[in-house]
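Below is one structure, written out as structure tokens, with a few remarks after it.
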Amino acid sequence: MKRPALLIAAVPVVATAVYMLMPGGSDGGTAGNGPAVSASPNAREQAKERAESEAAKDDALVASRPPGLADPAKKELAQQIVASAENSTLRWRETYGSIEDVGDGVGYTAGIVGFTTGTHDLLALVEGYTKEHPDNGLAEFLPALREVDGTDSHEGLDPGFPEAWRAESEKPAFRAAQEAERDRVYFDPAVRMAKLDGLGTLGQFVYYDAMVRRGPDTGPDGFYGMREQAMRKARTPGQGGGEKAFLEVFLDVRRAAVLARKPGADTSRIDTAQRRFLREGNLELATPLTWQVNGSTFRIP
């Protein structure tokens, strides 16, 4: 899975959402328009109170929305669609132990959403898991994982790491850790952001798949960067725009980012899966579903 090395998963989702919704953004900020001064304790406290107030408003808005993709049945569906693109299967629970280097420049890709040794998320997963289970079979590879983070290198990982990953993935605790990290870094922030943008279940999935694939990055081909580009071209439903129109633009932006990074890359997860659902008017991602990805056809009754 090709994700940028710069992740902002450690930033609370609320803070991220507030930042992205603030007017001005990265193109309209006021930095440099006045002298640099140190904020007083009172000013910092006021800023904190404003942020907390905005966060509380966002929390209330998200809570007022229907469950959408967070509904257990829809969440299961989301994992199946992602697995069809990542591992050519609907049986996503069979992919905890998957691990390979697919030659895309990010080292080993492993687990249920393709955590990678080159983009920090696999390292973060193993570090967190080791805090809870210090005697696990992956802990000995942590020094090597830190060294190769941000590269495609296998130094210190071969030959034992792939087998250790497969073995650890047989344990319920590590499976639970993979699911928890998926939700913390990708699923929960994507669904929250989509709800703040006024998107329904399909839109929430579109955000989630983009977050999984490109990471919670603010760069031009990261999730937040692509969202910002789409918002320059179309209004979100939360801003009074049309849902289908905005999602078409977002998918256009995402497709362009994929092809800019690798001309000729397969974009079927966008073209013949998500865009197909959109053009069928299936904004609630209702079953039955049929889609094509990576040359295969998948169906869910």
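Please read these numbers as outputs of a predicted model, since none were measured by experiment. Counting from 1, the numbers follow the sequence of the chain as shown.
A side-chain donor-acceptor contact under 3.5 Å links Tyr129 and Glu168. One side chain, Asn136 or Thr130, offers a donor N or O that lies under 3.5 Å from an acceptor on the other. Asp121 and Thr119 share a side-chain donor-acceptor pair at under 3.5 Å.
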### Task
Please assess Thr290 against Thr297 for the test side-chain contact (heavy atoms from CB on, under 4.5 Å), listing each intermediate value before the final yes or no.
CA-CA 7 Å; Thr290 301; Thr297 298; 4.0 Å; yes
### Task
Please lay out, stage by stage, how Glu76 and Arg93 fare under the test salt bridge (Lys or Arg N to Asp or Glu O under 4.0 Å).
CA-CA 10 Å; Glu76 176 70 17; Arg93 290 180 178 83; 2.9 Å; yes
### Message
Show, in sequence, the C-alpha distance, side-chain angles and deciding distance for Gln178 and Thr95, and conclude whether the side-chain contact (heavy atoms from CB on, under 4.5 Å) test is met.
### Response
CA-CA 11 Å; Gln178 288 193 41; Thr95 66; over 6 Å; no
### Test side chain to side chain donor-acceptor pair (under 3.5 Å) applied to Tyr224 and Gln229, step by step
CA-CA 9 Å; Tyr224 289 105; Gln229 293 174 63; over 6 Å; no
#### Entry: Worked check of side-chain contact (heavy atoms from CB on, under 4.5 Å) between Phe205 and Leu77
CA-CA 10 Å; Phe205 175 76; Leu77 182 62; over 6 Å; no
### Task
Apply the test salt bridge (Lys or Arg N to Asp or Glu O under 4.0 Å) to residues Asp221 and Arg254: give CA-CA distance (whole Å), side-chain angles for both, the deciding distance (0.1 Å), then the verdict.
CA-CA 7 Å; Asp221 63 351; Arg254 184 179 172 193; over 6 Å; no
### Task
May I have the step-by-step check of salt bridge (Lys or Arg N to Asp or Glu O under 4.0 Å) for Glu280 and Arg276, ending in yes or no?
CA-CA 6 Å; Glu280 290 173 345; Arg276 173 173 178 164; 3.1 Å; yes
### Task
Starting from the C-alpha separation in whole Å, work towards a yes-or-no answer on salt bridge (Lys or Arg N to Asp or Glu O under 4.0 Å) for Glu127 and Arg146.
CA-CA 10 Å; Glu127 286 181 330; Arg146 294 183 182 112; 3.0 Å; yes
### Task
May I have the step-by-step check of side-chain contact (heavy atoms from CB on, under 4.5 Å) for Val148 and Phe141, ending in yes or no?
CA-CA 11 Å; Val148 303; Phe141 294 99; over 6 Å; no
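Leu69 is not listed as a side-chain neighbour of Lys75, based on a closest heavy-atom distance of 4.5 Å or more. With a 4.5 Å cut-off on side-chain heavy atoms, Asp149 and Thr117 do not count as touching. The side-chain heavy atoms of Met226 and Arg214, taken from C-beta on, include a pair separated by under 4.5 Å. Using a 4.5 Å cut-off on side-chain heavy atoms (C-beta onward), Leu123 and Leu142 make contact. Under the 4.5 Å side-chain criterion, counting only non-hydrogen atoms from C-beta, Leu202 is in contact with Leu278. Between Arg279 and Glu248, the closest side-chain pair of non-hydrogen atoms falls below 4.5 Å. Counting heavy atoms from C-beta on, the side chains of Tyr207 and Asp197 come closer than 4.5 Å. Between Val62 and Leu196 the shortest side-chain heavy-atom distance falls below 4.5 Å.
In this structure, the side chain of Thr236 engages the main chain of Gln239 through a donor-acceptor pair within 3.5 Å. One N or O on the side chain of Thr272 and one on the backbone of Gln292 form a donor-acceptor pair closer than 3.5 Å. The main-chain N or O of Phe187 is never found under 3.5 Å from a side-chain atom of Asp183 such that the two would form a donor-acceptor pair. At distances below 3.5 Å, at least one donor-acceptor pair connects side-chain atoms of Asp71 with backbone N or O atoms of Ala73. Remark: the backbone N or O of Ala85 is paired with a side-chain donor or acceptor of Asn294 at under 3.5 angstrom. Judged by distance alone, the side chain of Glu243 and the main-chain N or O of Leu199 form no donor-acceptor pair under 3.5 Å. With hydrogens and angles disregarded, no donor-acceptor distance shorter than 3.5 Å links the side chain of Gln204 to the backbone of Ala194. Counting only distance, with no hydrogens or angles, the side chain of Glu86 and the backbone of Ile112 share no donor-acceptor pair below 3.5 Å. At least one donor-acceptor pair under 3.5 Å links the side chain of Lys74 to the backbone N or O of Glu284. Counting only distance, with no hydrogens or angles, the side chain of Thr89 and the backbone of Arg91 share a donor-acceptor pair below 3.5 Å.
When all heavy atoms are compared, the tightest approach of Ser84 to Ile81 is OG-O, 2.6 Å. Contact between Gly242 and Pro237 at its shortest, heavy atoms only, is C-CG, 4.4 Å. Between Arg299 and Leu90 the shortest heavy-atom distance is O-CD1, 3.7 Å. Across every non-hydrogen atom of Gly240 and Arg235, the tightest pair is O-NH2, 3.8 Å. Across all their heavy atoms, Phe115 and Leu122 have their closest contact at O-CD1, 3.7 Å. Val185 and Pro189 make their closest contact through O-CG, 3.6 Å (heavy atoms, listed as atom of the first residue, atom of the second, distance).
Each of Met193, Arg192, Lys195 was compared with Asp58 under the side-chain contact (heavy atoms from CB on, under 4.5 Å) criterion, and only Arg192 meets it.
A cation-pi contact, defined as under 6.0 Å to the ring centre and within 45° of the axis, is absent between Arg175 and Trp92.
Separation of atoms OG (Ser169) and CG (Leu138) is listed at 7.5 Å; rounding is to 0.5 Å. To the nearest 0.5 angstrom, Leu125 atom CG is 11.0 Å from Thr116 atom OG1. Atom-to-atom distance recorded for Asp217:CG and Met211:CE is 10.5 Å, nearest 0.5 angstrom. The structure places CG of Asp209 at 8.0 Å from CD1 of Ile270, a figure rounded to the nearest 0.5 Å. Atom-to-atom distance recorded for Phe223:CZ and Tyr186:OH is 13.0 Å, nearest 0.5 angstrom. How far CZ of Arg166 is from CZ of Phe161: 10.5 Å, rounded to the nearest 0.5 Å.
For the pair Arg182 and Asp188, the salt-bridge criterion is not met [side-chain N within less than 4.0 Å of a carboxylate O].
For Tyr96 and Phe174, the ring centers are positioned 6.0 Å apart or more.
Both Ile300 and Val293 belong to a common hydrophobic cluster when Ile, Leu, Val, Met, Phe, Trp and Tyr are linked at side-chain heavy-atom distances under 4.5 angstrom.
Ring pair His154/Tyr108 is parallel by interplanar angle, where below 30° counts as parallel and above 60° as perpendicular. Note on ring orientation: taking the six-membered ring where Trp is involved, the planes of Phe277 and Trp291 are perpendicular (angle over 60°, cut-offs 30° and 60°).
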